[in-house]
Amino acid sequence: MTQLPAKPLSLPSPPEAVLAPLHAAIARAQAVVEAETEALRRRAGIDLKSFEYRKSQALLDLDRARRSLPSEGLDRRTSEQLGMLRMRLDENMALLSTHMSAVREIADVIAKAMLEADSDGTYSRPGSGCLP
């Protein structure tokens, strides 16, 4: 008796109605991240605290939507959306890192200038232009 090869077991994708809240949460998260990234690119004066709050809220929404999903996995569309969100987050993180480095440099220059302005020259090196 010949045995037929076993077919791979494929689990059905969750229905769209179950995935819709996750898709909406992904879209909202991506919109917030893209808005912040664009503001950072324009070097506009932005309220980072507001974006921090909105991104935290988006993360909470994503977590809640994920919890409502069955454990068997995600469909291709959802995986692609999450991959796109990940790419947007990586881009956002790189721009935020650059922004924070610039802020640190400016803060260092200001702190140094303030220290020099406060100094009365008592501890200056001889010949540095300060009177003894």
(request) Indicate, with yes or no, if L48 and V103 share a hydrophobic cluster defined by side-chain heavy-atom contacts under 4.5 Å among Ile, Leu, Val, Met, Phe, Trp and Tyr. (result) no
(request) Kindly work out whether a path of hydrophobic side-chain contacts (I/L/V/M/F/W/Y, heavy atoms less than 4.5 Å apart) joins L89 to L96. (result) no
[X] [atom1] to [Y] [atom2] distance, which is reported to the nearest 0.5 Å:
X	Y	atom1	atom2	value
R66	S68	CZ	OG	9.5 Å
S97	L40	OG	CG	11.0 Å
I106	S101	CD1	OG	11.0 Å

(request) Evaluate the criterion salt bridge (charged side-chain N to carboxylate O under 4.0 Å, His left out) for residue pair D63 and R67; output intermediate values, then yes/no. (result) CA-CA 6 Å; D63 189 50; R67 287 182 191 172; 2.7 Å; yes
In residues 20-36, what donor-acceptor pairs under 3.5 Å come from side-chain atoms, sequence neighbours left out?
{"from": "H23", "atom 1": "ND1", "to": "E16", "atom 2": "OE2", "distance (Å)": "3.4"}
{"from": "H23", "atom 1": "ND1", "to": "R77", "atom 2": "NH1", "distance (Å)": "3.2"}
{"from": "H23", "atom 1": "NE2", "to": "T78", "atom 2": "OG1", "distance (Å)": "2.6"}
{"from": "Q30", "atom 1": "NE2", "to": "E34", "atom 2": "OE2", "distance (Å)": "3.0"}
{"from": "E34", "atom 1": "OE2", "to": "R88", "atom 2": "NE", "distance (Å)": "2.7"}
{"from": "E36", "atom 1": "OE1", "to": "K55", "atom 2": "NZ", "distance (Å)": "2.6"}
{"from": "E36", "atom 1": "OE1", "to": "N92", "atom 2": "ND2", "distance (Å)": "3.0"}

(request) Give a yes or no on whether a salt bridge exists between R86 and D90, defined as a side-chain N under 4.0 angstrom from a carboxylate O. (result) yes
(message) Between S79 and D75 (side chain of the first, backbone of the second, donor and acceptor by atom type, cut-off under 3.5 Å), is there such a pair?
(response) yes
(request) With the side chain counted from C-beta on, respond yes when E52 and K49 share a heavy-atom pair under 4.5 Å apart, and no when they do not. (result) yes
